[in-house]
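Numbering of ligands and ligand atoms starts at 1, following listing order.
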Amino acid sequence: MTQSMTTAKPLLIGGEWRTTDQTLTAHNPATGEILGEVCTGDAAEIDAAVRAARAAFPGWRAAGEAERKQALRRLHRVLAERRDEIADLISRENGKPVMEALSADVLVSLDSLAYYIKHGTRELAPERLKLQQRLLIGHRADVVYEPAGVIGIIAPWNVPLAIPLSQVAAALIVGNTVVLKPSEWTPLIGHAIAQLCAAAELPPGVVNVVAGAGATGAALASHPGTQRIVFTGSVATGKKVAVACAQRLCPCVLELGGVGAAIVRADADPQLAARGVVWSRFVNNGQVCVATQRVYVNQRIAQPFVVAVAQETRKLRRHTEHQRGYDVGPLINPAATERVKSQIADAVANGATVLVGGSCGNGQAGTAIEPTVLTNVSPQMTVMRDETFGPLLAIMPVADDAEAIDQANSLPLGLAMSVWTHDVDAGAVLARQLESGMVWINDGPVYYADPTIPWGGVKESGFGRTHGRWGLHALADVKVIARSRPGPRIWWFPYTPLVQRLLDVGIALLHEAGPRAKLRGMLRALLR
Ligand code: NAD
């Protein structure tokens with residue numbers, strides 16, 4: 001972080017634009033060009049933002065469904081109007097092609113907003129319970145979903161608009177207020193979210209945006225004024241966030257990393273599966289939490305599948321050669337490039353073959369690396385165990401489905417997996433055996449685009465869900481309202497022998513096994 005210049009974009013706290021004397025510099029990862037500066041906040045600004053969100057909470061909660069929907073409609077309209085400008089900013093600051101900025105970020109955000117406007121409150125409608133306890137005949141119990149309060153959202157850079165904005169929209173429709181900490185690698189997009197909220201005239205303090213790096217995120221995760229933390233990022237940081245939340249018993253949703261596995265069955269069309277797997281790996285230049293990294297292909301079709309993957313990968317147009325109309329952009333920063341290179345080096349040192357790619361291209365800003373495919377890989381290589389988060393695909397032949405399942409389940413992570421097969425129903429049966437939050441049959445990360453589908457992982461890929469009714473429920477408190485007409489109850493004091501005997505008769509009647517035992521039990525209770 002550097003000292004602030006006057007042009008640095010301010011933070012949004014309590015409806016006011018606030019400058020600080022520390023800033024982040026935003027770069028274009030493809031060229032290294034400086035795109036602008038954004039003011040950053042530390043624990044003091046996080047505290048001010050949480051207080052502002054807390055102050056705004058009663059009004060937002062009381063505003064009711066119609067007003068909240070109206071506000072989200074304005075946000076939806078402003079984003080739709082500014083979509084070209086926002087997609088262009090995403091492409092420049094994150095590096096992804098405009099097509100992906102429009103589809104994975106802008107469209108997903110618009111669809112999420114539309115879903116919450118249309119269905120959000122219905123998903124949270126009160127539910128009347130069918131009571132099972134016979135003593136409670138005449139009583140009624142309803143479950144209602146209450147807004148939890150202030151939601152802290154800590155976001156990554158790889159889907160810098162849709163991940164935070166869809167989480168903000170879910171929090172708001174429930175009736176919560178928000179403090180958002182965008183990624184330090186995409187601070188201008190974080191600021192653009194603040195501008196969208198301001199342009200949509202959300203009431204002051206309902207959404208607050210504080211830019212910053214890890215320390216700012218840590219200040220938010222540990223702030224006692226937040227009632228939920230929704231964190232999306234790496235497993236390592238997620239564990240720190242979980243500890244911070246555990247210390248104050250604050251529930252959190254953790255959307256963490258994975259090492260996505262694809263199973264290509266013997267009955268799959270190798271050409272088609274290869275096209276699908278190549279997209280599932282290299283979309284967003286491999287910087288997708290649910291990207292396919294390991295492929296377990298049945299040995300009967302391994303040869304044509306590998307040939308087709310190589311052909312499809314070689315067709316990808318890189319940003320280094322095509323300024324416009326490219327398929328894969330740069331990696332976000334030099335550290336990401338180093339991670340990919342070290343996994344390639346480890347694999348090659350242990351006997352892997354580089355089928356396609358493998359080298360650093362023109363090295364613009366140190367972030368260019370070719371889409372790379374490895375064969376002759378083995379399970380102990382880092383590429384088969386650790387998340388690459390870059391354009392590296394490893395293919396391993398297996399004897400049958402059972403071996404593929406064993407390999408896919410062999411890691412402590414379980415975010416997303418895919419099955420490629422002609423027999424879709426058999427694929428669904430196989431899916432039940434995979435230890436994964438999401439399993440896709442004959443497609444890849446496209447399912448992020450549907451706001452009704454719950455998103456999240458198992459094992460160390462995290463817990464809790466965003467999206468759909470599961471995402472909404474994660475941001476609400478469950479409250480039971482039980483009611484009955486005024487009157488004395490048999491279970492109140494004083495306890496009497498008669499009531500105890502009746503209780504015993506009832507237990508025998510309901511819970512002894514078989515008519516004889518029931519009769520015996522009831523007689524014993526009556527004659528006691
Ligand atoms: P990261 O963990 O480095 O950072 C994520 C966010 O956490 C950033 O805003 C960062 O500033 C903040 N942060 C850093 N240290 C913190 C701390 N101690 N306390 C609180 N916040 C802190 O991750 P990243 O590089 O931004 O994103 C890439 C990772 O995110 C990958 O592992 C990817 O798989 C994962 N991811 C998961 C999903 C999902 O839906 N499961 C989606 C996108 C990305």
Q. Which distance, rounded to the nearest 0.5 Å, do you find between the CG of Leu24 and the CD of Glu37?
A.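 It is 9.0 Å, given to the nearest 0.5 Å.
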**Q.** Close residues, ligand 1: non-hydrogen atom nearer than 4.0 Å
**A.**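 If the criterion is a heavy atom under 4.0 Å, then ligand 1 touches Ile154, Ala155, Pro156, Trp157, Asn158, Ile163, Lys181, Pro182, Ser183, Glu184, Ala213, Gly214, Gly217, Ala218, Phe231, Thr232, Gly233, Ser234, Thr237, Lys240, Val241, Glu255, Leu256, Gly257, Cys289, Glu387, Phe389, Leu415, Trp455.
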Q) Run the salt bridge (Lys or Arg N to Asp or Glu O under 4.0 Å) check on Lys239 and Glu460 step by step: do they pass? A) CA-CA 9 Å; Lys239 287 181 180 177; Glu460 290 193 13; 3.1 Å; yes
Q | Set of ring pair (Phe, Tyr, Trp, His ring centres under 6.0 Å) partners for Phe57, sequence neighbours left out | A |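 Phe57 satisfies ring pair (Phe, Tyr, Trp, His ring centres under 6.0 Å) with no other residue.
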Q: Just jot down the side-chain contact (heavy atoms from CB on, under 4.5 Å) partners of Ser183, sequence neighbours excluded, or say none.
A: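 side-chain contact (heavy atoms from CB on, under 4.5 Å) check on Ser183 returns Trp157, Trp185, Thr186.
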Q) Are any non-hydrogen side-chain atoms of Val259 and Arg294 less than 4.5 angstrom apart? A)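 Heavy-atom side-chain distance check passes, below 4.5 Å.
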**Q.** Where at least one partner belongs to residues 220-243, residue pairs that pass ring-ring contact (aromatic ring centres under 6.0 Å, His included), sequence neighbours excluded
**A.**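 The answer is none; no pair qualifies.
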